[in-house]
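Written out below as structure tokens is the structure these notes cover.
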Amino acid sequence: MDKLKIAGGYPLQGTIRVSGAKNSAVALIPATILADSPVTIEGLPDISDVSILKDLLEEIGGKVSFGGEEMIVDPSSMISMPLPNGNVKKLRASYYLMGAMLGRFKKAVIGLPGGCYLGPRPIDQHIKGFEALGARVTNEQGAIYLRADELRGARIYLDVVSVGATINIMLAAVRAKGRTIIENAAKEPEIIDVATLLTNMGAKIKGAGTDVIRIEGVDYLSGCRHTIIPDRIEAGTFMIMAAAVGDGILIDNVIPQHLESLIAKLREMGVNIETRDDQVYIPRSDYLKAVDVKTLVYPGFATDLQQPFTSLLTKVTGASVVTDTIYSARFKHIDELRRMNASIKVEGRSAIVNGPVRLQGAKVKASDLRAGAALIVAGLMAEGVTEITGVEHIDRGYSQIVDKLSDLGATIWREEMSEEEVRQLKNT
Ligand SMILES: CC(=O)N[C@H]1[C@@H](OP(=O)(O)OP(=O)(O)OC[C@H]2O[C@@H](n3ccc(=O)[nH]c3=O)[C@H](O)[C@@H]2O)O[C@H](CO)[C@@H](O)[C@@H]1O
Ligand SMILES: C=C(OP(=O)(O)O)C(=O)O
């Protein structure tokens, strides 16, 4: 088990490249199950969520090769192997195996997913969708059993706007008989990316990226080649970092339109941002002012950027209020930021950040992926050395983060934890 160390307080400069989107990758890989011949996905990030999904596809009989950001999946010999435990618990997006296996085999057994704990994360809307398509769904000792004689298209209204439910229903519905209409669908760019892959495989999908998605089921889907979209959350994290400690940073492989709410908020604070076709340049920011921010479904301010954004707010003058309307408990990073001298008060779903303060290096723990991102931003801002444990969460979503930041001039490195440190960490 590793920890990350950062000697902070120095400006960063240069070019940083964004990898393929985690939240697309984790749906594109299960989507390959639906094809009857090999699918190639280009531009995948080097993160643990991707390697665990590769292992899961192999567990059900897939032949998978992965290297140099390219994965080739031959799904022809896959079977509907039950996956009640094990790897499915290591990430959130294993729930996409439900939709994909139901679509292809008309049955699946998948353990309830893991992923970041951000407050309760029910999957009732996924199940409502599968049942509407004709599946019988039961929860037996923490595993979801899905069975259908046949899947039939249906009109499904989502009571909660959910990325996961929208994609999962799409995965099952592309192989159902007849027409499915998903109403109140989520509109995230990752949903369009998955719909693009499925369409290239032969699916008939209209409206992905709007709140009504129409799908005509087909009998067969075949292999194709697909290039993933850039990770807007990784890009956003780098933009926040550039505003916090940058002295001229060019972020490459970005779709700026996917980040309009963050760009608007950073500009409101006083950050200069130059957007180009697939790049964003951020010069040094000296005087930033406090802002209030509320997370919303896309295209609103992404909840996944709320935590790193909070670290940036510690350096601005005045009180900023950060409200998370998506998750009830996405504030575990706050206690750790306080250890680093931040002045932040949590009231219900809001955090009130008082600045400016000079953050100080400390020993801190990443409780989840974006808490880890928040602590990396804070560590780069802080005077002295910051030591971050819980690096396995960061590895779920940030590809080669140490190399990327080192190339900008950051002093950041990984160290193996001693047995005593691992024991202490497990007891906290
Ligand atoms: C792998 C992946 O893509 N993860 C992203 C996805 O998670 P995920 O797909 O799990 O998030 P959802 O969009 O489904 O969740 C949004 C909200 O709806 C609630 N809800 C969701 C489903 C459901 O059946 N019932 C229900 O009540 C959730 O508890 C949450 O409060 O979108 C989140 C919101 O942008 C991001 O933070 C995650 O990074
Ligand atoms: C919450 C996140 O991931 P997951 O849904 O995979 O836990 C995230 O990417 O910030």
Side-chain angles (χ1 to χ4, degrees), residues 19-31 45 47-50 52-53 88-99 112-132 137 139 144 156-171 182 184-194 211 228-229 231-237 258 261-262 295-309 324-333 349 366-374 392-399:
S19 297
K22 161 188 169 277
N23 287 348
S24 270
V26 296
L28 296 172
I29 296 169
I47 54 174
S48 59
D49 271 20
V50 164
I52 294 164
L53 281 167
V88 289
K89 305 275 178 197
K90 294 185 184 160
L91 75 164
R92 176 82 185 150
S94 54
Y95 54 34
Y96 291 135
L97 296 170
M98 296 180 196
L112 282 166
C116 295
Y117 181 78
L118 314 168
R121 301 181 74 182
I123 57 164
D124 54 300
Q125 298 303 305
H126 305 230
I127 290 168
K128 171 179 165 174
F130 297 143
E131 286 178 337
V137 186
N139 178 344
I144 302 295
I156 301 158
Y157 178 86
L158 295 181
D159 302 314
V160 180
V161 179
S162 158
V163 175
T166 302
I167 293 179
N168 234 342
I169 294 168
M170 210 160 69
L171 291 172
I182 310 173
N184 202 26
K187 298 185 279 198
E188 270 70 359
E190 293 75 21
I191 292 163
I192 303 177
D193 203 24
V194 177
D211 56 9
I228 193 169
I229 56 169
D231 195 312
R232 64 195 165 92
I233 305 300
E234 188 193 19
T237 306
H258 290 173
S261 51
L262 175 68
T295 68
L296 293 167
V297 294
Y298 187 84
F301 193 97
T303 170
D304 295 351
L305 290 172
Q306 174 265 107
Q307 292 160 291
F309 196 75
D324 200 319
T325 72
I326 309 290
Y327 294 114
S328 58
R330 202 167 198 174
F331 283 132
K332 290 221 180 100
H333 57 302
R349 285 188 167 214
S367 53
D368 56 79
L369 170 55
R370 308 300 168 186
E392 64 282 4
H393 296 293
I394 298 170
D395 291 339
R396 286 190 51 222
Y398 288 92
S399 192

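We use all heavy atoms of the structure for the numbers below, so side chains are in, but hydrogens, waters and symmetry mates are not. Both counts, for ligands and for their atoms, begin at 1 and track the order of listing.
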Among Glu234, Lys22, Arg92, closest by any non-hydrogen atom to atom 2 (C) of ligand 2
Lys22
Report, in ascending order of atom number, the atoms of ligand 2 lying under 4.0 Å from any heavy atom of Leu369.
8 (C), 9 (O)
Counting each atom of ligand 1 from 1 as listed, which ones have a heavy atom of Asp304 under 4.0 Å away?
36 (C), 37 (O), 38 (C), 39 (O)
Between Arg92 and ligand 1, find which residue part has any heavy-atom pair under 4.0 Å and reply side chain, backbone, both or neither.
side chain
Where ligand 2 meets Leu118 - atom numbers and elements under 4.0 angstrom, heavy-atom basis:
1 (C)
Under 4.0 Å from one or more heavy atoms of Asp304, ligand 2 contributes atoms 8 (C), 9 (O), 10 (O)
For Arg396, the ligand 2 atoms whose distance to one of its heavy atoms is below 4.0 Å
3 (O), 4 (P), 6 (O), 7 (O)
Ligand-residue contact atoms, ligand 1 with His126, heavy atoms, under 4.0 Å:
24 (O)
Considering only non-hydrogen protein atoms, determine which one is nearest to atom 17 (C) of ligand 1 and report residue, atom name and distance to 0.1 Å.
Ile326 CG2, 4.0 Å
Please compare Ser24, Pro120, Pro122 and report which has the shortest non-hydrogen distance to atom 22 (C) of ligand 1.
Pro122
Heavy-atom contact under 4.0 Å between Tyr298 and ligand 1?
no
Run the numbers for me: atoms of ligand 1, each under 4.0 Å from some heavy atom of Gly164, listed by number.
9 (O), 14 (O)
Where does Val163 meet ligand 1, judged by heavy-atom distances below 4.0 Å: at the side chain, the backbone, both, or neither?
both
Mind checking whether Ala93 has an N or O less than 3.5 Å away from an N or O of ligand 2?
no
So the atoms of ligand 1 within less than 4.0 Å of a heavy atom of Arg330 turn out to be 37 (O)
Counting heavy atoms under 4.0 Å, the part of Asp124 that contacts ligand 1 is both
Would you mind listing which atoms of ligand 2 come within a distance below 4.0 Å of any non-hydrogen atom of Gly115?
7 (O)
Measure the distances from the heavy atoms of Asp368 to every atom of ligand 2 and state whether one is below 4.0 angstrom.
no
Distance filter under 4.0 Å to Arg370 heavy atoms, resulting ligand 2 atoms:
8 (C), 9 (O), 10 (O)
Looking only at protein heavy atoms, which one is nearest to atom 1 (C) of ligand 2, and what is the separation?
Arg330 NH2, 3.5 Å
Can any side-chain N or O of Glu234 pair as donor or acceptor with the backbone N or O of Ser19 at less than 3.5 Å?
yes
Can you tell me if Gln306 contacts ligand 1 (heavy atom of the residue under 4.0 Å from the ligand)?
no
Ligand 1 contact on Arg396 by region, counting heavy-atom pairs under 4.0 Å
neither
For Gln306 and Asp324, does a side-chain donor sit closer than 3.5 Å to a side-chain acceptor?
yes
For atom 18 (O) of ligand 1, what is the closest protein heavy atom, and at what distance to 0.1 Å?
Val160 CG1, 3.2 Å
Below 4.0 Å from any atom of ligand 1, is there a heavy atom belonging to Ala165?
no
